[in-house]
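What follows is a set of notes on a single structure, which appears directly below.
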Protein chains: 2
Amino acid sequence: MLNMDVLSQTFSALADPTRRAILARLAAGGATVGELAEPFDMSLPAVSRHLKVLTDAGLIERHTEAQWRRCELRGEGLRAAADWIEHYRRFWEASFDRLDAFLKDTDPKTKKGKPNARRKDR
Amino acid sequence: MLNMDVLSQTFSALADPTRRAILARLAAGGATVGELAEPFDMSLPAVSRHLKVLTDAGLIERHTEAQWRRCELRGEGLRAAADWIEHYRRFWEASFDRLDAFLKDTDPKTKKGKPNARRKDR
DNA sequence: TCCATATTTAACATGTATGTTAAATACAGA
DNA sequence: TCTGTATTTAACATACATGTTAAATATGGA
């Protein structure tokens with residue numbers, strides 16, 4: 001998909017368990033195509049195409065070593081996706097307590113127990 | 001699809017710019033299907049299906065209000081994807097350090113702007 | 001009940017994704 | 001140069017994704 005925006009291409013590449021497994025393997029160090037293909041019950045051409053998807057998405061790099069193509073993780077390719085998802089962090093980190101407090105604080109039916117100025121008797 | 005692992009389903013849902021735009025809109029507050037569809041040059045059934053994808057992925061919630069379906073962001077649905085990607089953080093932070101060192105070492109002008117070649121952006 | 005509004009489902013078209021096997025390509029070494 | 005190993009490309013099959021329009025469903029109100 002050549003006319004795809006960066007985020008779509010990244011998330012799309014990550015949306016396949018085989019490709020995520022390949023990235024996990026590469027997190028432990030570089031590997032050749034054959035080494036990467038070994039654990040999968042899948043033909044070599046199929047793995048080769050997964051690697052092409054990862055390469056096009058900028059998630060791995062390949063350089064030729066004799067007749068092997070050594071693959072390496074390219075972490076930079078994950079940055080945009082990480083940044084995108086990070087913007088939503090507050091939506092899953094907000095504790096239920098905070099949400100609960102917020103609702104109680106804003107719901108007109110509930111008395112707002114905001115401790116205004118503690119009123120001193122005069 | 002229903003027999004898809006959670007991460008694949010999440011990343012797959014995020015791999016579409018329309019759906020990401022919908023999530024961005026919902027980050028500002030709940031909205032009905034019609035409201036969500038309005039900015040898109042796309043039929044209502046198409047948006048409805050995007051919402052189904054997001055719902056199935058656990059990224060939004062919908063509750064019926066009269067004849068409207070109000071949609072809300074469900075941040076919890078992003079947690080697993082965020083956790084997954086976070087495991088790789090060191091790989092892009094490390095690569096940034098390398099790039100930075102490389103540029104300082106090799107560029108006589110020592111330009112300050114980041115040389116982000118924006119690839120495949122539409 | 002009947003109608004308007006909001007949304008989903010059905011039926012369909014089309015392009016993309018992912019797997020297969022067979023052939024092609026690239027390189028190292030005898 | 002010939003051969004074996006590593007990997008990719010070609011040709012094909014099939015399933016999924018995503019858009020369309022038309023019909024169906026659900027709710028509220030005259």
**Atom pair distance, as rounded to whole Å: CG in D56(A) and C1' in dT16(C)** = 14 Å
**Request:** Select one nucleotide: of dT20(C), dA28(C), dT8(C), the one nearest the side-chain heavy atoms of A66(A).
**Result:** dA28(C)
**Prompt:** Can you tell which of dA6(D), dT8(C), dT18(C) lies closest to the side chain of R62(B)?
**Reply:** dT8(C)
**Asked** Which residue, K52(A) or W68(A), contacts DNA chain D at a nucleotide closer to its 5' end, judged by nearest heavy atom?
**Response** W68(A)
**Item:** Spacing between L36(A) atom CG and dT7(D) atom C1', to the nearest angstrom
**Value:** 12 Å
**Asked** Do the side-chain N or O atoms of R49(B) get closer than 4.0 angstrom to the phosphate oxygens (OP1, OP2) of dC16(D)?
**Response** no
**Length of the CG-C1' vector between D16(B) and dA17(D), whole Å** = 9 Å
**Item:** Position toward the 5' end of DNA chain C (nearest nucleotide), S12(A) or Q67(A)
**Value:** S12(A)
**Asked** Expressed in angstrom and rounded to an integer, what is the separation of R69(A) atom CZ from dT8(D) atom C1'?
**Response** 7 Å
**Asked** dT7(D) P sits how many Å from I22(A) CD1, rounded?
**Response** 13 Å
**Prompt:** Does dG19(C) have OP1 or OP2 sitting under 4.0 Å from an N or O in the side chain of H50(A)?
**Reply:** yes
**Item:** T55(B) and R62(B) side chains, donor-acceptor separation under 3.5 Å
**Value:** yes
**Message:** Below the 4.0 Å mark, does dG19(D) have OP1 or OP2 next to a side-chain nitrogen or oxygen of S43(B)?
**Reply:** no
**Complete:** The ring-ring contact (aromatic ring centres under 6.0 Å, His included) partners of F91(A) (sequence neighbours excluded) come to none
**Prompt:** Should S48(A) be listed as having a side-chain N or O under 4.0 Å from OP1 or OP2 of dT7(D)?
**Reply:** no
**Request:** Just call it for T32(A): base, sugar-phosphate, or nothing, with non-hydrogen atoms closer than 4.0 Å on any strand.
**Result:** sugar-phosphate
**Message:** In this structure, how many angstroms lie between the C1' atom of dA17(D) and the CD atom of Q9(A), rounded?
**Reply:** 17 Å
**Message:** Checking R19(B) against H50(B): is there a side-chain donor and acceptor pair closer than 3.5 Å?
**Reply:** yes
**Request:** Measure the shortest side-chain to side-chain distance between S8(B) and D16(A) over non-hydrogen atoms and say whether it is less than 4.5 angstrom.
**Result:** no
**Item:** Nucleotide dG15(C), atom C1' - distance to CE of M4(A) in whole Å
**Value:** 12 Å
**Asked** Does R19(A) have a side-chain nitrogen or oxygen under 4.0 Å from the phosphate oxygens OP1 or OP2 of dT18(C)?
**Response** yes
**Asked** In whole angstrom, what separates H63(A)'s NE2 from dC27(C)'s P?
**Response** 15 Å
**Item:** Shortest side-chain distance from L44(B), nucleotide among dT18(C), dG19(C), dT7(C)
**Value:** dT7(C)
**Message:** Quick test of your reading of the model: are D56(A) and K52(A) salt-bridged, counting only N-O distances below 4.0 Å?
**Reply:** yes
